[in-house]
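Predicted model only: the values in this text are computed from it and were never measured.
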Amino acid sequence: MPSSDGPQIIATVDALRERVGHWRGEDARVALVPTMGNLHAGHLSLVRQARLVADRVVVSIFVNPLQFGGGEDFDAYPRTLDADCAALASVGADVVFHPSVIEMYPDGTPLVTEVRLRALESVLCGEHRDGHFAGVATVVMKLFGQVQPDVAIFGRKDHQQLTLIRRLVRDLHVPVQVVAGDTVREPDGLAMSSRNRYLSDDERAIAPELQRTLRAVADRIVSGERDVVQLSAVAMQALNDAGFDPDYVRVLDALTLTEPDASTTDVVIAAAGHLGRARLIDNVTVPWEAASR
């Protein structure tokens with residue numbers, strides 16, 4: 001069990017490997033929960049889930065510069081290590097891996113080696129955040145190599161990221177089980193996010209419209225509607241009318257992130273949009289076969 005004093009903070013790959021190697025000597029099953037810190041209840045739910053499927057839990061806290069494009073909030077991204085460690089102590093994390101940028105990228109960036117999943121990273125958020133998912137895939141592969149976990153937990157809120165990591169593991173035969181954690185929401189339906197803190201009071205009142213709009217599309221699909229272009233257009237207009245500056249609303253095959261076809265079993269209704277300084281994402285998954293019967 002983790003120490004009552006809270007998780008051990010480790011800053012170097014060598015020290016992390018030594019700690020994990022000790023656990024391996026005890027035949028312990030190891031879980032990894034990758035994060036960028038500024039933790040909220042959604043992150044903590046992933047750690048609780050990790051404790052159910054593993055003997056030891058590593059939580060990485062690393063604000064990854066490769067995930068941030070020009071004009072994005074890398075420097076301003078909140079770094080709250082003390083509060084994060086206190087929260088992680090309450091849910092049973094064993095180790096917080098908190099490396100520096102130099103530790104993770106000793107030769108600097110850009111990298112000679114990067115991981116790309118072009119078909120999956122060029123849609124949805126990838127159309128609006130060039131290079132973001134290459135940064136995600138690259139840092140996750142580095143973490144998998146550093147921690148060598150048996151299982152890794154990723155949230156469903158970022159469906160595209162989850163899909164990308166699952167495909168990465170499949171294509172490269174990475175011996176890690178990827179487990180999805182459910183999205184944790186505020187009472188009014190807003191998905192919890194570190195970027196919610198950027199919302200003004202007025203913007204916070206508008207923000208739940210993102211989930212309500214997605215639910216409305218889901219209801220129409222379950223009722224039998226199949227014109228995904230029209231459904232997306234109506235939802236985009238609804239978000240505009242609510243006060244969002246939407247990037248997209250798309251209905252795609254949940255497994256492949258392509259247009260649904262006769263082989264599709266489930267679709268994801270995914271959306272992203274801006275409210276002031278905050279860029280919010282959310283999604284809903286519904287059966288597609290049900291819509292064709």
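Its side chain outside the 4.5 Å cluster rule for every partner, V112 clusters with none of the Ile, Leu, Val, Met, Phe, Trp and Tyr residues. Through chains of ILVMFWY side-chain contacts below 4.5 Å, F68 is grouped with M36, V63, F74, Y77.
For the side-chain hydrogen bond (donor to acceptor under 3.5 Å, both in side chains) test, no residue two or more places apart in sequence or in another chain qualifies with D202. Residues passing the side-chain contact (heavy atoms from CB on, under 4.5 Å) test with H98 are I9, I61, L81, V96, sequence neighbours excluded. With sequence neighbours excluded, the residues forming a side-chain contact (heavy atoms from CB on, under 4.5 Å) with R197 are N38, P78, listed by chain and number. Under the side-chain contact (heavy atoms from CB on, under 4.5 Å) criterion, E103 pairs with T12, V13, P99, S100, not counting sequence neighbours. The side-chain contact (heavy atoms from CB on, under 4.5 Å) check on A11 picks up nothing, with sequence neighbours excluded. Listed by chain and residue number, nothing satisfies the side-chain hydrogen bond (donor to acceptor under 3.5 Å, both in side chains) test with E127 (two or more places apart in sequence, or in another chain).
Under the 4.5 Å side-chain criterion, counting only non-hydrogen atoms from C-beta, R215 is in contact with V284.
For the residue pair T264 and D253, a side-chain donor N or O sits within less than 3.5 Å of a side-chain acceptor on the partner. Side-chain contact, R220 with Q230: no donor N or O sits under 3.5 Å from an acceptor N or O.
Listed by first then second residue, pairs satisfying ring pair (Phe, Tyr, Trp, His ring centres under 6.0 Å) with a partner in residues 169-209 number zero, not counting sequence neighbours. Every pair passing ring pair (Phe, Tyr, Trp, His ring centres under 6.0 Å) that includes a residue from residues 19-56 is listed here, sequence neighbours excluded: H40-H43. Under the side chain to side chain donor-acceptor pair (under 3.5 Å) criterion, the residue pairs touching residues 233-246 are Q237-D241, with sequence neighbours excluded. Residue pairs meeting the side chain to side chain donor-acceptor pair (under 3.5 Å) criterion with at least one member in residues 134-151, sequence neighbours excluded, are R24-D150.
Between R29 and D55 there is no salt bridge, since no side-chain N of the basic residue sits under 4.0 Å from a carboxylate O of the acidic one.
Counting non-hydrogen atoms of other residues, nucleotides and ligands closer than 6.0 Å to CD of E186 gives a total above 12.
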